[in-house]
Amino acid sequence: MALDIRILTGEELRAAIPDVAALRIEVFRDFPYLYDGDMTYEERYLEPYTATPQAVLVGAFDGDHLVGASTGMPLCTHADDFSAAFANCEIAQSDVFYCAESVLRQQYRGQGVGHAFFDLREAEAKAQGLQVSAFCSVVRPHDHPSRPKQYQPLDPFWRARGYAPLPGVVAVFDWKDIGDDIETQKQLQFWSRPL
C-alpha cells in the first residue's frame, strides 16, 4: 500500500500532535521500550515541535490517517536529558541533528518507511548546515523477560544507513514500564553518522 510521507509544517503540524502522541504510546508499549505512556505527558513532550523553527515532523499517512511519524531537531534545542550525554564527547552539540522518535504501526512496516523517515530528517539536517545525525535507542539486556522470541533489533538497519554506536555517549531517562508502579531509570545508547 502506498503511503503519503511528508514533512508537516504550520497548522498541519500542530493538528498532528495528538495523533503523534497516541502513536508514541501505542508503538513504544512494545519491546524494547515497554513504555506505559500518558497522553498529557506526550503532548507536552511534543509541544516544542510546534515552536522550534528548526524542528521537523515527518508524517506517514494512509489516506487521511496518520499511521507513522518521525521527528528531529538540532540537539542543542532538545531536552537537556539528551544533550547532556554529549558533554564528554568530541562531537560538538551544535553540530548534531537529533533524530528523535520514529514510530510506525506494525502493519505498515517493511515497506521502506523507515528509510524515508531518515532521508527526510537527514536532508533537513543538511539544509540547516549540521554535520552529524544522531539518535538514541534504549538498552535492554538480551535475557530481558519481556523480550519476544521473534524480536529483531534494528541494529542492522541502522548500520546499513551508516550509523554506529558512539562509545560512552549514553543518555539516562526515566519512565514507567508496563506493569510497573514506578518509573525506573533507563540507558539510551546514542548512534551517529556524519552528514
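Predicted, not measured: the structure shown is a model, and the values here were computed from it.
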Would you kindly confirm whether [X] and [Y] end up in one hydrophobic cluster when ILVMFWY residues are joined by side chain heavy atoms under 4.5 Å apart?
X: Leu57; Y: Tyr41; result: yes
X: Trp191; Y: Leu166; result: no
X: Leu154; Y: Val113; result: no
X: Tyr33; Y: Phe173; result: yes
X: Val58; Y: Leu195; result: no

Who are the side-chain contact (heavy atoms from CB on, under 4.5 Å) partners of [X], not counting sequence neighbours?
X: Asp30; answer: none
X: Gln185; answer: Val172, Asp174
X: Pro141; answer: Asp143, His144

Next item on the list: Specify whether Tyr98 and Phe190 have parallel, tilted or perpendicular ring planes, treating 30° as the upper limit for parallel and 60° as the lower limit for perpendicular.
Entry: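 Tilted: the ring planes of Tyr98 and Phe190 meet at 30° to 60°.
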Note to self: Can you classify the ring geometry of Phe157 versus Phe118 as parallel (below 30°), tilted (30 to 60°) or perpendicular (above 60°)?
What the structure shows: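 Because their plane-to-plane angle lies in the 30° to 60° range, the rings of Phe157 and Phe118 count as tilted.
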Establish, from distance only, whether the side-chain atoms of [X] and [Y] form a donor-acceptor pair under 3.5 Å.
X: Tyr163; Y: Ser133; result: yes
X: Tyr35; Y: Glu42; result: yes
X: Arg140; Y: Ser146; result: no

Next item on the list: Output every pair passing salt bridge (Lys or Arg N to Asp or Glu O under 4.0 Å) with a member in residues 183-195, not counting sequence neighbours, ordered by first then second residue.
Entry: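 Counting only pairs at least two positions apart or across chains, the salt bridge (Lys or Arg N to Asp or Glu O under 4.0 Å) contacts touching residues 183-195 are Glu122-Arg193, Asp177-Lys186.
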Student check: side-chain heavy atoms of [X] and [Y] closer than 4.5 Å:
X: Ser192; Y: Ile91; answer: yes
X: Tyr49; Y: Val20; answer: no
X: Pro165; Y: Arg159; answer: yes
X: Phe117; Y: Cys99; answer: no
X: Val27; Y: Glu101; answer: no
X: Leu8; Y: Phe61; answer: yes
X: Asp180; Y: Asp36; answer: no

Residue pair [X] / [Y]: nearest heavy atoms and the distance that separates them:
X: Ser102; Y: Arg121; value: OG-NH2, 3.2 Å
X: Tyr45; Y: Ala100; value: OH-CB, 4.3 Å
X: Gln189; Y: Val170; value: OE1-CG2, 3.7 Å

Notebook entry, point to check: Strictly under 6.0 Å, is that where the ring centroids of Phe28 and Trp175 end up?
Noted result: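 Judged by ring-centre distance (under 6.0 Å), Phe28 and Trp175 do not meet the cut-off.
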Note to self: Can you list everything that forms a salt bridge (charged side-chain N to carboxylate O under 4.0 Å, His left out) with Arg14? Sequence neighbours excluded, please.
What the structure shows: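 Expected list: Glu11.
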Side-chain donor/acceptor pairs under 3.5 Å, residues 123-130, sequence neighbours excluded:
{"residue": "Glu124", "atom": "OE2", "partner": "Gln128", "partner atom": "NE2", "Å": "3.0"}
{"residue": "Gln128", "atom": "NE2", "partner": "Gln54", "partner atom": "O", "Å": "2.8"}

Note to self: Is it the case that over 12 heavy atoms from other parts of the model lie below 6.0 angstrom from the CD atom of Glu12?
What the structure shows: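 Yes - once you tally the heavy atoms of other residues, nucleotides and ligands closer than 6.0 Å, there are more than 12.
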